[in-house]
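Let me begin by presenting the structure, written as structure tokens, before commenting on it.
Only heavy atoms go into these numbers, but all of them, side chains included; no hydrogens, no water, no symmetry mates. Chain letters run A, B, ... following the sequence lines, proteins first, then strands; residues in each count from 1.
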2 protein chains.
Amino acid sequence: MSASGSPTRRPRRGSGAVTLHDVAKLAGVAPITASRALSKPSQVSADVLRKVTEAVNRTGYVRNVLAGGLASARSRLVAAVVPTISGPVFLQTVQALTDALAEHGYQLMLGQSGYVDSREDALLDAIIGRRPDGIVLTGIMHSAEGRKRLMAAGIPVVETWDLTPTPLDMLVGFSHGDVGRAVVEFLRRKGRKSLSIVAGDDERSVRRLKAFQEAAAAAGLPVTVVYVPAPTTLKSGRSALRQLLEQRPDIDAVFCSSDLLALGVMTEAQVGGVRVPEQLAVVGFGDLEFSADLHPALTTVRIDGTAIGRQAAQFIVDRAEGREIVESVVDVGFSIVERESA
Amino acid sequence: MSASGSPTRRPRRGSGAVTLHDVAKLAGVAPITASRALSKPSQVSADVLRKVTEAVNRTGYVRNVLAGGLASARSRLVAAVVPTISGPVFLQTVQALTDALAEHGYQLMLGQSGYVDSREDALLDAIIGRRPDGIVLTGIMHSAEGRKRLMAAGIPVVETWDLTPTPLDMLVGFSHGDVGRAVVEFLRRKGRKSLSIVAGDDERSVRRLKAFQEAAAAAGLPVTVVYVPAPTTLKSGRSALRQLLEQRPDIDAVFCSSDLLALGVMTEAQVGGVRVPEQLAVVGFGDLEFSADLHPALTTVRIDGTAIGRQAAQFIVDRAEGREIVESVVDVGFSIVERESA
DNA sequence: GTGAAAGCGCTAACAC
DNA sequence: GTGTTAGCGCTTTCAC
């Protein structure tokens, strides 16, 4: 049962797997017909469809998507770049992305850039080399080199979790500045007088921080700041509250750049006998799955990470299928979920 | 600047990207030589290397890995199947896997099966179609159909987070039964008399539960059980403790099938005025990043998810590079990290 | 509705 | 060390 009865040829490798050729031969049709039976069943006769389906079942054939991708210049792969999946903030987005893409027959390739721009550049080449049908970036692509390479590659790009007046291509995000301002307004309305903020040192957190500071200054409220390294942790939240209280014992509100930090702050408050929310209002960011069930339940800024992931997937699939994208920037907004902690 | 000066041929598509051909022509060498300059620099002369490198830089060429994979029957893709990345337990593993693979030039493809076997089967076809160089499964592949397809595909498989006497191929895990037994022994030594367990209804949790029950029975200790749906959450931990106390108010120890559940139990305990660890010892599972910094700090079963991910990556890379694998089963073990909560 | 031919971009095999 | 040739497995184009 060798090649195909043809004369001796130069030997060749090959995976040894069942190919479309095998299926077609078994079904008694041309390879292209078998191909059509699989990808566009409506274009073949019922008879052919039946024979091909049977041949597939008998051989256990699974289409080689890589080969198909090479021929059609569509890989049905989508790359996602996140700083780290351990920061639970992006989890929802990655999960939604994976699921939404899978529904359309696309597969997600995951890359972690760390919070370092240089690693992002290195990752980019690895990604472009796979000719994905789209790239989903967490945040904005800043490095000029990276922007250039992406443009040159001509791959659809969705930047997420941020807004910028100069998107590379498509964009799904929200305004971090607006978040900072909204939280100040929220705390002001609650009558808090001495604000503070615990911020990761990544760019988006800093942007929320700056807006927070400006809005507070405009309202005549003092702000005490503590930076913690990204990714943020419960532990750094605990030590941050200690630092805050040392610097300024009279703070009565703290805005944390993640719910995990907020949990840390609340834990430390409990240990130190600081009552939340009576003495200290705590506001988180991200509305993680556990936040609603903490004690006290955490007031936090809710971002719909699932919506971001789904919209990003939609953008890329639409583009890949050749549909026109009317509005390539989506602001998913945010909301402050008021619970017990503030 | 059309095809290559050749006579009019049938038109063809193509991505329009720079190809190895272009680079080779610019460098004045044959394509295969350019290919070698890029993948096996030691096999070409310094002069060729210089010319090719320059051509690459000038054109911004990025190798089409898909095409290379088709030709060499090595995709340099590795698929990982997890129930869900939201369950934070597998995060470390996925992260370590991504990083370790990236170091060797491999890329991770992520698939989520949910906790449903049928979805796992569907995913499998999507994965096999991409001809990955390896598949990393979370847990054991159970469905006979799935096992058959994987065997037939001839793709190296690493099962993780579990041990089984009948691995499909390679295995990196630990014994869930041993965990259950060890926790009973630990609690017994602490003098706890009325044990309880909150378990996710996924298979591995249930295995820990069964072993826990048996060991407790052997020691003459009663065990109260509450099941919660997987993936486990803080919320289900809270309601589980309420149920436990209703069923049996005298319980003095609870083993939770995740740290998140344990946090829920501790939260509910605090709300209900149950002192941890005095009245109730709490033991978690997973040793998540935040567990050490909770108040009280959580006693938990530590699994080295990073080691699992790294070892799985090593197995697959070794296999792909044709290195022989001497011992294809690795037990990474576990340890009980004793902190304040028990 | 079906098929023949060509070729996506790359690398293994075999010369020289 | 370098080049020629063939072909990985599929889908596009064009013809019937």
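- The CG-C1' distance, from B/Leu66 to C/dT11, rounds to 14 Å in whole Å.
- Of all nucleotides listed (C/dG3, D/dG3, C/dT11), C/dG3 comes nearest to the side chain of A/Val29.
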Problem - Worked verdict on A/Arg50 versus A/Asp47 for salt bridge (Lys or Arg N to Asp or Glu O under 4.0 Å) - result: CA-CA 5 Å; A/Arg50 190 186 46 71; A/Asp47 185 48; 2.9 Å; yes
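- Using a 4.0 Å heavy-atom cutoff across all strands shown, B/Val65 reaches no nucleic acid atom at all.
- The side-chain heavy atoms of A/Gln95 and A/Leu91, taken from C-beta on, include no pair separated by under 4.5 Å.
- Out of C/dA4, C/dC8, C/dA12, the shortest distance to the side chain of B/Ile32 is found at C/dA12.
- Across D/dT4, D/dG9, C/dC10, the shortest atom-to-atom separation from the side chain of A/Ala67 is found for D/dG9.
- The nearest whole Å value for the distance from the CG atom in A/Asn64 to the P atom in C/dC8 is 18 Å.
- Checking the phosphate oxygens (OP1, OP2) of C/dC8, no side-chain nitrogen or oxygen of A/Arg74 falls inside 4.0 Å.
- Listed candidates were C/dC10, D/dT11, C/dG3. Nearest to the side chain of B/Leu20 is C/dC10.
- The interatomic distance linking B/His21 (NE2) with D/dG3 (P) rounds to 12 Å, in whole Å.
- A 4.5 Å side-chain heavy-atom check between A/Gln311 and A/Phe315 finds at least one atom pair inside the cut-off.
- Going from atom CG of A/Leu97 over to atom OG1 of A/Thr306 covers 11.0 Å, rounded to the nearest 0.5 Å.
- Listed by residue number, the members of residues 34-46 of chain B with any heavy atom below 4.0 angstrom from DNA chain D are B/Arg36, B/Gln43, B/Val44, B/Ser45.
- The residue among B/Asp47 and B/Leu70 whose nearest nucleotide of DNA chain D lies closer to the 5′ end is B/Asp47.
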Exercise for the section: Could you check B/Ile85 against A/Ile85 for side chain to side chain contact (heavy atoms under 4.5 Å, CB included), going step by step and ending with a plain yes or no? Expected result: CA-CA 9 Å; B/Ile85 53 169; A/Ile85 52 168; 5.6 Å; no
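- The NZ atom of A/Lys25 sits 15 Å away from the P atom of C/dG3 (whole-angstrom rounding).
- Residue B/Thr19 has its side chain nearest to C/dG9 when only C/dT2, C/dG9, D/dG3 are considered.
- B/Leu168 and B/Glu159 make their closest contact through N-OE1, 2.8 Å (heavy atoms, listed as atom of the first residue, atom of the second, distance).
- When all heavy atoms of A/Asp133 and A/Ile155 are compared, the closest pair comes out as C-CG2, 4.1 Å.
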